[in-house]
Q: 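Submitted below is the structure of interest, expressed as structure tokens.
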Amino acid sequence: MKLFVGWVLTYVLCLAVVKKMWSSRYLRSHLTRSLYMNMLSQNQAPYWEVSHQWYLCDKEKLSEELEPIFIQSYLDQETQTFLNRSIEKSGWLSIQLYHSFMSSVFSMFMSRTSINGLLGRGSMFVFSPEQFQRLLRVGPDWKSHRLLDLGAGDGEVTRVMSPHFEEIYVTEMSQTMIWQLQKKKYRVLNIDEWQRTGFQYDVISCLNLLDRCHQPVTLLKEMRSVLEPTRGRVILALVLPFHPYVENGLRMERSYQDSETGPGLQDSPAEFRTLGDGGGKWEKPAELMEVNGIMWEEQVNSLAAVFQEAGFVVEALTRLPYLCEGDMYNDYYVLDDAVFVLRPV
Ligand SMILES: C[S@@+](CC[C@H](N)C(=O)[O-])C[C@H]1O[C@@H](n2cnc3c(N)ncnc32)[C@H](O)[C@@H]1O
Ligand SMILES: *[C@@H]1O[C@H](CO)[C@@H](O)[C@H](O)[C@H]1NC(C)=O
């Protein structure tokens with residue numbers, strides 16, 4: 001009994017010490033540095049000092065068709081609120097320790113996306129309501145009938161668009177994400193069912209999905225076939241530089257030590273390590289989308305041709321940071337998104 005009480009006391013004391021040290025930025029940034037080396041050094045600086053880079057575009061490098069339709073975005077109030085909230089959350093030590101522990105257990109048999117769905121963490125941010133409205137050139141009171149959000153994740157990005165629609169349909173691959181979406185009262189369609197419901201959609205959103213699914217080219221054509229043929233629009237976000245990979249639901253082996261930040265993730269492309277979304281088995285997709293060039297602008301130019309092939313013309317375009325809530329090691333994660341509005345032709 002004495003031994004037990006002593007043990008509990010030591011444990012509580014240790015926690016208190018860790019917590020105390022945790023609040024010092026020095027330790028956190030030191031820890032981050034040792035874990036990630038300089039890969040995420042950007043996170044060391046406060047976001048208001050680095051964020052202007054997230055929106056930059058060299059318009060002269062855009063093609064003649066795209067240059068005049070580029071929309072300059074900036075760090076607005078809603079984006080700051082997301083970042084502030086994320087910084088605050090990543091400082092909650094006990095919750096972060098719990099998440100870290102749970103994910104190392106579940107990662108033995110679940111994909112990273114599904115674990116996030118289960119724990120209700122790692123929410124994403126693509127655009128604010130104002131940024132969405134500006135892209136679609138509509139006002140805050142604009143209303144339309146049907147939205148279809150493909151690969152909706154936990155539905156947090158869907159929520160930004162939802163006030164504008166009477167009916168909201170979503171698809172998801174991950175079962176735990178489907179639970180999250182059902183909890184939020186969205187109508188979940190099967191991933192091989194939405195093409196055949198006989199509905200036409202006013203807006204289809206396909207956010208950060210094309211590089212994560214097996215048949216992106218087919219997906220584009222299917223979107224075209226169920227989109228309302230005149231007023232309908234697709235809003236599409238894609239992480240650049242383009243690195244297609246598909247997350248395999250079931251993992252039979254563990255090839256790294258720590259599920260979250262293990263050094264063994266070296267063989268996976270940098271961006272899902274960065275998203276805290278790594279782990280698991282990753283496969284090459286069945287269909288290849290032809291994206292050329294190295295720079296953001298070059299890849300955007302070549303994407304316009306891919307969309308044209310599928311029966312779309314680019315109506316508007318912007319550059320936005322794709323933000324993900326942080327974890328124990330980072331306040332937040334950021335990837336580089338190109339966001340397009342596509343009109344059917
Ligand atoms: C990177 S997340 C994007 C989530 C959200 N749309 C966003 O922008 O933050 C991609 C999601 O697509 C899902 N997914 C992958 N392949 C899919 C498919 N063929 N149909 C529907 N969802 C799919 C994954 O489970 C994952 O949750
Ligand atoms: C976010 O936090 C920064 C720094 O603490 C503060 O200056 C800013 O006003 C906050 N923004 C919002 C929208 O909460």
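Just the heavy atoms: all of them, side chains too, but no hydrogens, waters or symmetry mates, feed the values below. Just so you know, ligand 1 is whichever comes first in the structure, and atom 1 is the first atom listed for that ligand.
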Q: For N84, take its heavy atoms, then give the atoms of ligand 2 lying under 4.0 Å from any of them.
A: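 Heavy-atom distances to N84 below 4.0 Å select 1 (C), 2 (O), 3 (C), 8 (C), 10 (C), 11 (N), 12 (C), 14 (O).
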
Q: Are side-chain N/O atoms of S111 and S114 paired as donor and acceptor at under 3.5 Å?
A: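 Indeed, the side chains of S111 and S114 share at least one donor-acceptor pair under 3.5 Å.
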
Q: Test your reading of the structure: does T81 have an N or O sitting under 3.5 Å from an N or O of ligand 2?
A: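 Looking only at distances, the answer is no, because the N/O contact criterion of under 3.5 Å is not met.
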
Q: Can a donor-acceptor pair be found between the side chains of D149 and Y201 at a distance below 3.5 Å?
A: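 Result is no, nothing qualifies.
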
Q: Could you tell me whether atom 2 (O) of ligand 2 has a protein heavy atom closer than 4.0 Å?
A: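 Given the 4.0 Å limit, the answer for atom 2 (O) of ligand 2 is yes, a protein heavy atom qualifies.
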
Q: Can you check whether a protein heavy atom sits less than 4.0 angstrom from atom 11 (N) of ligand 2?
A: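 Looking at atom 11 (N) of ligand 2, one finds that a protein heavy atom does lie closer than 4.0 Å.
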
Q: Does even one non-hydrogen atom of Y47 get within less than 4.0 Å of ligand 2?
A: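 It does; at least one heavy atom falls under 4.0 Å.
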
Q: Below 3.5 angstrom, do we get any N/O pair linking W48 and ligand 2?
A: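 Looking only at distances, the answer is no, because the N/O contact criterion of under 3.5 Å is not met.
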
Q: In this structure, does ligand 1 have an atom that sits under 4.0 Å from one of the heavy atoms of F125?
A: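 Contact check F125 vs ligand 1: negative.
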
Q: Hey, is M173 touching ligand 1 through its side chain, its backbone, both or neither, going by heavy atoms under 4.0 Å?
A: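 Both backbone and side chain of M173 come within 4.0 Å of ligand 1.
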
Q: Can you pull out the closest protein heavy atom to atom 9 (O) of ligand 2? Residue, atom name and distance to 0.1 Å, please.
A: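 Of the protein heavy atoms, Q80 OE1, 4.3 Å lies nearest.
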
Q: Under 4.0 Å from ligand 1, counting heavy atoms only, is it the side chain of V157, its backbone, both or neither?
A: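 Just the side chain.
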
Q: As an exercise, identify every atom of ligand 2 less than 4.0 angstrom from a heavy atom of Q77.
A: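 Taking each heavy atom of Q77 in turn, ligand 2 has 13 (C) under 4.0 Å.
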
Q: Near T171, which atoms of ligand 1 are under 4.0 Å from a heavy atom of that residue?
A: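 Answer, ordered by atom number: 21 (C).
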
Q: State, without any angle test, whether E247 and T113 hold a side-chain donor-acceptor pair at a distance under 3.5 Å.
A: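 Short answer, yes.
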
